[in-house]
Amino acid sequence: MESYTSTEILETKRMIEEQGLDVRTITMGINLLDCVNPSLDKMKTNIESKIFSLAKNLSRVATSIEEDYGIPIINRRITTTPISLLLGALKIVQEIPLEDIQSYNDPLFQKYNIKDLKISHEAITSCIEIAQCLDNISEKVKVDFIGGFSALVHKGFTRADLCLIQSLPKVLSITERVCSSVNLATTRSGMNMNAVKIMGNIIHQIAMNTKERNSIGCAKLVVFANAVEDNPFMAGGFHGIGESECCINVGISGPGVIRSVIKDQKKADFETLAEIIKKTSFKITRMGQLVAQEAAKRLNIPFGIVDVSLAPTDRPYDSVAGILEEMGIQITGGPGTTAALALLTDAVKKGGLMASSYVGGLSGAFIPVSEDKFMTEAAKKKILTIEKLEAMTSVCSVGLDMICIPGSTPPSTISGIIADEAAIGMINNKTIGIRLIPVIGKQVDEIVEFGGLLGKSIIMPVKNTSCEIFINRQGRLPAPVHSQKN
Amino acid sequence: MKAIVSVVGLDKPGIVATVSTTLANYNINIIDITQSYAHDFFTMLLIVDFEKSNITLKEISEKLKEAGDKIGVFVTIQHEDVFRAMHRI
């Protein structure tokens with residue numbers, strides 16, 4: 001019989017009871033490619049019945065694991081195949097003239113005048129109906145979010161991609177649980193700058209459509225470079241096309257645990273810091289893997305990956321910036337921040353990789369400003385700026401996340417920020433997500449309250465200088481030299 | 001199936017009796033028990049075996065909590081796998 005020391009037992013109990021260790025999400029990835037049908041109604045029925053048959057027990061099983069193992073499981077989620085891959089089957093979408101779409105993919109057709117998109121109202125409505133169908137079924141199976149209302153446009157658009165993107169302002173303002181993502185750059189293929197331009201406008205429109213609720217619609221959309229196919233976290237999760245029919249992915253968090261282990265290490269050298277972060281990350285990943293395997297067993301669905309990502313919440317100890325400040329950075333955003341974050345992200349990944357052979361998703365540290373109390377404080381003090389966050393995103397696991405900017409920011413400037421971030425991802429072979437919230441009606445320094453996990457934040461200043469001429473150029477940024485690996 | 005029971009609270013007579021009686025009532029066997037004591041604060045850890053019991057972890061968890069509340073100690077129970085996953089390579 002295995003025996004445990006009281007130190008070990010109490011360490012685990014403290015992690016859960018005092019330091020906020022939890023399983024952030026059990027996410028079921030579901031392939032929907034076999035739901036395609038030229039008829040909208042049939043496609044909706046197919047989607048509904050497939051999701052229901054696979055996910056009907058997800059929430060109940062998650063609760064039973066919570067009870068048996070004494071580990072809180074905060075969210076139950078579903079990710080689906082990027083929906084734009086299904087939409088192309090619809091007759092109404094096929095009626096969009098190909099020439100209109102191709103002018104977006106090859107600007108040489110009409111070099112100085114890309115046609116205004118003429119996507120029919122009916123085609124957009126079809127996309128909205130699919131999104132509503134996803135929203136309804138996720139309510140029915142009692143999941144918190146459903147991710148995958150997505151398009152992969154890094155090298156160009158299909159008709160369906162453009163339809164889906166054009167439907168986002170409406171979709172994200174009328175649905176509750178649907179999350180969306182658009183991948184517009186990869187290291188392998190470069191950056192679709194036409195998509196960058198369009199997404200600046202779309203984000204602005206989503207903000208306008210949800211202005212009564214602090215433009216919260218934008219929190220449900222992530223723009224990506226090098227998006228991953230097995231991300232269990234929202235808003236950017238989708239079930240990639242290389243994935244299996246259905247699998248269970250688990251996202252585990254615990255910034256409070258890491259913070260408390262380094263709290264007592266005021267004089268430790270960097271090797272010691274890295275070691276204790278690695279060991280702690282190992283332990284929490286093992287717990288995540290245990291939950292993932294148990295969920296997979298109880299649902300009779302294969303286990304996919306564990307994603308160990310330090311994700312802040314509004315609980316006081318659950319802060320990534322708090323960890324950096326425990327390391328000796330007075331205020332996050334000051335000199336030393338990027339190096340401290342690099343040490344943290346890398347050590348978390350290494351501990352996770354030792355604990356599970358199937359670490360995936362985004363694994364590392366998230367730096368969503370509004371969700372992290374210390375980061376919001378640092379932004380209030382003007383030490384943490386968008387420019388510094390941009391530098392930090394080159395070493396964290398995602399990107400510019402949950403950043404509130406003035407509602408008056410021009411769409412081309414939003415596109416400029418997206419392009420800068422995506423360029424970091426493209427050149428450095430790294431996943432980058434961008435979740436900007438232009439809060440309509442709010443100015444720099446005003447406070448925005450989102451409530452729940454999304455927290456509250458301050459409107460951060462954006463440099464008031466135009467990039468419109470740059471953004472209005474057409475085409476694609478060529479892939480970097482190291483894309484040629486074969 | 002094995003689980004780990006932990007009991008934390010101010011020391012007083014009857015803690016071991018209360019917890020072990022509750023476990024015995026549901027045919028749960030205690031296979032290891034350790035206790036420590038610092039500044040009037042009492043911590044007891046038990047490894048228990050459910051092999052001959054019909055009760056679920058959720059049900060016994062509620063019973064233990066009830067029993068603990070009566071004498072003012074905090075009792076929790078967790079599946080052994082959690083500790084094995086975390087502390088054993």
Side-chain angles (χ1 to χ4, degrees), chain A residues 1-19 21-23 60-73 250 252 254 257 261 278-295 297-298 306 308 351-357, chain B residues 1-9 11 15-16 19 26 28-39 41-66 68 73-89:
Chain A
M1 185 203 71
E2 198 83 64
S3 94
Y4 305 94
T5 66
S6 40
T7 318
E8 288 170 338
I9 293 173
L10 294 174
E11 182 188 8
T12 299
K13 286 178 61 62
R14 263 198 298 274
M15 282 183 183
I16 296 168
E17 286 161 19
E18 294 165 24
Q19 298 156 7
L21 174 61
D22 54 42
V23 170
R60 187 181 55 75
V61 164
T63 307
S64 73
I65 293 174
E66 255 182 331
E67 287 164 358
D68 288 352
Y69 290 90
I71 301 162
I73 300 170
V250 160
I252 185 151
V257 179
V261 291
K278 265 163 46 180
K279 283 180 187 155
T280 311
S281 169
F282 172 86
K283 289 174 187 167
I284 63 180
T285 309
R286 285 291 285 257
M287 199 185 80
Q289 177 159 289
L290 170 71
V291 168
Q293 283 173 337
E294 192 58 31
K297 200 165 89 190
R298 292 185 191 190
V306 184
V308 50
L353 289 170
M354 170 75 184
S356 168
S357 294
Chain B
M1 184 190 84
K2 295 189 184 67
I4 292 181
V5 178
S6 59
V7 185
V8 181
D11 196 18
I15 299 180
V16 178
V19 174
Y26 298 97
I28 296 169
N29 190 29
I30 298 174
I31 37 185
D32 191 19
I33 179 164
T34 57
Q35 48 180 343
S36 59
Y37 182 77
H39 309 292
F41 223 65
F42 174 84
T43 306
M44 176 167 72
L45 303 165
L46 305 98
I47 301 182
V48 298
D49 191 345
F50 276 63
E51 204 181 327
K52 297 199 173 93
S53 176
N54 295 322
I55 196 166
T56 66
L57 247 175
K58 187 192 175 196
E59 288 159 348
I60 190 67
S61 168
E62 282 159 10
K63 300 286 175 201
L64 284 169
K65 192 174 176 301
E66 257 171 50
V73 293
F74 190 60
V75 192
T76 53
I77 181 164
Q78 266 180 298
H79 200 297
E80 186 217 4
D81 284 356
V82 177
F83 302 91
R84 184 184 298 141
M86 214 179 241
H87 299 289
R88 297 288 175 270
I89 292 178

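The structure presented is a predicted model; accordingly, all values stated were derived computationally and were not measured. Below, read A as the first sequence line, B as the second, and so on, with proteins coming before strands; counting in each chain starts at 1.
For L290(A), the part sitting under 4.5 Å from any heavy atom of chain B is the side chain, from C-beta outward, and nothing else. I77(B) does not touch chain A: none of its heavy atoms, backbone or side chain, sits under 4.5 Å away.
Residues I30(B) and V5(B) have side chains not in contact (no heavy-atom distance under 4.5 Å, counting atoms from C-beta outward). Residues I15(B) and F42(B) have side chains in contact (heavy-atom distance under 4.5 Å, counting atoms from C-beta outward).
For K297(A), the salt bridge (Lys or Arg N to Asp or Glu O under 4.0 Å) partners are E294(A), not counting sequence neighbours. Applying the side-chain contact (heavy atoms from CB on, under 4.5 Å) criterion to V8(B), with sequence neighbours excluded, gives F41(B), T43(B). Evaluation of the side-chain contact (heavy atoms from CB on, under 4.5 Å) rule for T63(A) yields E66(A), E67(A), R76(A) as partners, not counting sequence neighbours.
Ranked by heavy-atom pairs under 4.5 Å with chain B, the first of E17(A), K283(A), E8(A), M354(A) is E8(A). Counting heavy-atom pairs closer than 4.5 Å to chain A, the top-ranked of the candidates H87(B), M1(B), H79(B), R84(B) is H87(B).
Remark: the backbone N or O of R88(B) is paired with a side-chain donor or acceptor of R286(A) at under 3.5 angstrom.
Here the rule is side-chain contact (heavy atoms from CB on, under 4.5 Å) with V306(A), and of T285(A), V291(A), V23(A), I284(A) only T285(A) fits it.
Of all heavy-atom pairs spanning L45(B) and S6(A), the tightest one is CD1-CB, 3.1 Å.
Residues of residues 49-59 of chain B placed with any heavy atom under 4.5 Å of a heavy atom in chain A are listed by number as L57(B), K58(B).
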